[in-house]
Every structure is written in structure tokens, then in C-alpha cells.
Number of protein chains: 2
Amino acid sequence: MAGVGGAPAHGTTSAQACPIAPVLDIVFSRWTTPILWTLHAFGRQRFVVLQRNIGTITPKVLTQRLRQMERDGLVVRTYHPEVPPRVEYEISELGSSLAPLFAHLADWSADHLPRVEQARQEFDVAEEAAAGRGR
Amino acid sequence: MAGVGGAPAHGTTSAQACPIAPVLDIVFSRWTTPILWTLHAFGRQRFVVLQRNIGTITPKVLTQRLRQMERDGLVVRTYHPEVPPRVEYEISELGSSLAPLFAHLADWSADHLPRVEQARQEFDVAEEAAAGRGR
DNA sequence: CGGAATCCGAAAAGATACTG
DNA sequence: CAGTATCTTTTCGGATTCCG
């Protein structure tokens, strides 16, 4: 697996320069969309099941992300004091309110992602040509 | 000043777990929204002006981000071979197609950000209380 | 089972200085 | 002006280990 470095977040960005900057840290932090998506797709589920459904996230990171999302009110954590302990996570109403936004994003993706791919290829070809001339 | 580390991006996330993951790297990478916003707000502008308008970005990072966005077709770079050199950046049509999405995000922010703030306060209070009992 | 604690490595962001 | 080069900083993500 590729070790990755880390981009912080969008938090330090000057707010006046981008009014939606604050939301990005809440909604589009790393792993938040996969988590919300999985929670939305499979409904309430236990920690380990959630981890399996997401596929590649480690328990440490999943815990961190869930904690932040719980704090932001996007997910609800339910602890059952049993032996062995049982904890379940589910999407909150606030978290569900993001569904239309994600749908909008999916629509944009369907409509414009091919254009991005095309732009990338053209750019790479032009770059290749420029390098050829430069060399 | 807060240096930031880095979260890579959302790219390594398993696609099946979240269909919109690919778009996140394109649209919501660090600095992309402030850059697009500034380009949208002030129109075509030169490198240094853009840097000033954004406010806190260093030339190195701005160059990196602009290069990526140009490759993705979100911005258009125009180079005027003069002395001194003049380069202008503007938002592309593809980049402009994101405007409704950003508006949607701004709407969600206006409607739900207070709820997030409230959730955070309640969470912190509950955590404080839990710590008090635990200590 | 559901985490918390610890160590480690990678990559990106920032600061600074320097060119064509 | 518009970057590029270099060095340092930051912290996120992964792996491992341990606990109630």
C-alpha cells in the first residue's frame, strides 16, 4: 500500500478568500465521504463491520475520523455496555442532509469527469512535446 | 504559523466504497476552492495578483496547484512572451461548471453550519463531564 | 470487541533565497 | 514578474502492541 503523506486540511485557508472553506474540513476531510457513504449504504453497523465495508482503513484512523464526525454531529455512536462490548454507528439526520450535495457531486462527476480525463491527456501530450523541444 | 502536514488526498480510498472519491482529488484538493473562488470573483489575473488575492499562499504552492488545475482543465494559463514576462490565469468553462456545486455547498453551510457548531459544543461539554467523572 | 498508546515513514506545505 | 530550488516543518496514515 502506498504510504501517503498528508495534506492538512483546508482549515488554515483564509476564510475571506473562500467562503466555503470552513465546510470543507467538515464534509470533505479525508475518509469522511467513504464513511458517510458506507453508513448510508449499509445502515447502522458495528465498528469492525464498518471497517470491513470501507475496506482499507485502519482502526486507528477510523476511530479518529468517527470521533471528529461524531463531534460535528454527522454520525451517532451508540455504546452498549455488554460483554463483549458492542458499539454501533449510524448516520445522523444532519449527516443525511448531505445526501443531495453528494448526489450533485456525483452528477457533476458523470457529466464532466471525461472532460477532465481528456484535458489531462492533452496536457500530458503537450508537455511531452515541449520537453522534446527543450531537450 | 501553522504548518500543515499532509493528508495525501482521497485518491487511495477504495473507489467501490465511495463513488465520488475520484472527484474529491480534482475539486477539493487543498487550495483548489480558494483559487477557483478568487479566479471567479476577480476574473482573469496575473500570478502575483492572484497570490495577493488569495492572501496566504506561497508562490511555490500556488504554482503547483495551478499546474494541477491547468492539467485537469479547470483553469487556463496564458503566457505573454514579453519583458518582463506576463502570465495570466483565468477560470475555464469546465471550472465554471462547478459554480452551482459551490453554491449548493454554500447553501448547505448557511443552513447547517450552526447545527455543527452546536453539536461540537455539546460534544465538548459532554466530554468535559466524562473527563471529570473519570478523573 | 472496540478501541488507546506508541513508533515510524511519507509526502505535501511553508519559508527562504535565488534566477531568466 | 513568474516562477524554481532547497530546506525544514507539520501531521496524517499505517503498523504494531496492549488493555478493559
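Worth saying up front: this structure is predicted, and the values here are computed from it rather than measured. In what follows, chains are A, B, ... by sequence order, proteins preceding strands, each numbered from 1.
- Atom CH2 in B/Trp31 sits roughly 9 Å away from atom C1' in C/dA13 (whole-Å rounding).
- With 3.5 Å as the limit, one finds no donor-acceptor pair spanning the side chains of B/Gln68 and B/Arg71.
- To the nearest angstrom, C1' of C/dT16 lies 17 Å from CG of B/Leu62.
- A straight line from CD1 of B/Ile35 to C1' of C/dA13 spans 13 Å, rounded to a whole angstrom.
- Among all heavy-atom pairs drawn from B/Leu39 and B/Tyr89, the shortest one is CD1-O, 4.0 Å.
- In this view, B/Arg86 and B/Glu82, B/Glu88 satisfy the salt bridge (charged side-chain N to carboxylate O under 4.0 Å, His left out) rule, not counting sequence neighbours.
- Rounding to whole angstrom units, CD of residue B/Gln64 and P of D/dG3 are separated by 13 Å.
- In this structure, a donor-acceptor pair under 3.5 Å is present between the side chains of A/Gln118 and A/Glu122.
- Remark: P of C/dA12 and CG of B/Asp25 are 11 Å apart, rounded to the nearest angstrom.
- With hydrogens and angles disregarded, a donor-acceptor distance shorter than 3.5 Å links the side chain of B/Gln45 to the backbone of B/Gly43.
- In this structure, the side chain of A/Ser29 does not engage the main chain of A/Ile26 through any donor-acceptor pair within 3.5 Å.
- To the nearest angstrom, C1' of C/dG14 lies 12 Å from CD of B/Gln51.
- Rounded to an integer number of Å, the gap from B/Arg52 CZ to D/dC1 C1' is 11 Å.
- The phosphate of D/dT11 has neither OP1 nor OP2 within less than 4.0 Å of any side-chain N or O from A/Arg30.
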For nucleotides 1-5 of chain C, tabulate all protein N/O to nucleotide N/O atom pairs closer than 3.5 Å, reporting atom names and distance.
| residue | atom | partner | partner atom | Å |
| --- | --- | --- | --- | --- |
| C/dC1 | O3' | A/Arg46 | NH2 | 3.2 |
| C/dG2 | OP1 | A/Arg46 | NE | 3.2 |
| C/dG2 | OP2 | A/Val48 | N | 3.1 |
| C/dG3 | OP1 | A/Arg77 | NE | 3.4 |
| C/dG3 | OP1 | A/Arg77 | NH2 | 2.7 |
| C/dG3 | OP2 | A/Tyr89 | OH | 2.6 |
| C/dA4 | OP1 | A/Arg67 | NH2 | 2.8 |
| C/dA4 | OP2 | A/Arg67 | NH2 | 3.2 |

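- Across the protein-nucleic acid pair, B/Glu82 atom CD and D/dG3 atom P stand 13 Å apart, rounded to whole Å.
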